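From a predicted model like this one, the values you see are computed outputs, not experimental measurements. We're numbering straight along the sequence, starting at 1.
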Amino acid sequence: KASLIATLTSRWPFGLAVFPVIRAVGSVGPDPVELVLEEPAEPIDPSSRSPLPSAGMTAVGLGQLRQMHELNAARTERGWHLAKELEDVPGLTIPPLRPGNVFLSFPVLHPRREALARKLRRHGIDTAVGFMRDCSTIPLFAPQPGPCPRAARAEREILHLPVHPELTLSDLDRIVGGVQEAAALVG
């Protein structure tokens with residue numbers, strides 16, 4: 001399974017075979033990548049032992065670990081490019097960013113994130129809602145006083161855009177254009 005996932009996530013097989021399926025299936029339902037990678041839909045219970053990563057996650061992680069510094073520099077450059085180009089998109093909020101951010105994805109907030117994600121997948125832009133959770137709702141943090149409205153908003157609205165190192169400037173411009181168009185359509 002790990003070898004298959006590592007092969008399918010390389011640039012050409014992913015672009016020619018995998019992403020067209022993700023686009024078709026993900027534009028009408030949940031993100032199929034999250035289902036295949038066996039990522040839990042709910043946060044891990046802090047009182048239980050953390051599960052081991054799947055074989056696919058392990059294969060991808062080990063491959064990227066060998067090139068970590070170069071990959072992080074590329075992700076950072078792409079993330080700041082998206083931040084600059086998307087800052088004025090109506091309805092889209094970019095969380096506060098600081099120098100030194102390394103982007104594994106580029107997070108944005110949108111009140112209609114599921115609709116936005118479907119439109120972006122139809123445009124060939126892979127997105128994910130991720131695993132953000134409002135800590136005030138997790139039993140581990142129950143002793144802390146009161147609700148966390150910003151965290152609750154992030155849990156409802158966060159959407160992750162791609163910034164992986166293989167994206168070209170042309171790819172980033174296509175993502176920006178897709179986000180602008182999709183955000184205008186979903187309101």
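- Looking only at distances, no side-chain donor or acceptor of Arg174 sits under 3.5 Å from a matching main-chain atom of Ser170.
- In this structure, Arg75 and Pro165 have side chains that are in contact, with non-hydrogen atoms separated by less than 4.5 Å.
- Between Val176 and Leu172 the shortest side-chain heavy-atom distance does not fall below 4.5 Å.
- Taking CG from Leu161 and CZ from Arg78, the interatomic distance works out to 14.5 Å, rounded to the nearest 0.5 Å.
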Steps toward side chain to side chain contact (heavy atoms under 4.5 Å, CB included) verdict (Val179, Leu120): CA-CA 7 Å; Val179 170; Leu120 291 173; 3.9 Å; yes
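- Interatomic distance, CG of Leu159 versus OG1 of Thr127, reported as 4.5 Å (0.5 Å rounding).
- For the residue pair Ala182 and Lys119, the shortest heavy atom distance occurs at CB-CB, 3.6 Å.
- With 3.5 Å as the limit, one finds no donor-acceptor pair spanning the side chains of Thr137 and Asp134.
- With a 4.5 Å cut-off on side-chain heavy atoms, Leu167 and His164 count as touching.
- The shortest distance between side-chain heavy atoms of Arg121 and Arg118 falls below 4.5 Å.
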Could you pull out all donor-acceptor pairs under 3.5 Å where a side-chain atom in residues 89-109 meets a protein atom, sequence neighbours excluded?
from	atom 1	to	atom 2	distance (Å)
Thr93	OG1	Arg153	NH2	2.9
Asn101	OD1	Arg98	N	2.5
Ser105	OG	His160	ND1	2.7

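- Side chains of His110 and Glu157 form no contact here, defined as non-hydrogen atoms less than 4.5 Å apart.
- Crowding of Arg150 atom CZ: a count of heavy atoms from other residues, nucleotides or ligands under 6.0 Å not exceeding 12.
- Of all heavy-atom pairs between Gln180 and Glu85, the closest is NE2-O, 4.0 Å.
- For the pair Arg113 (side chain) and Arg156 (backbone), a donor-acceptor distance under 3.5 Å is present.
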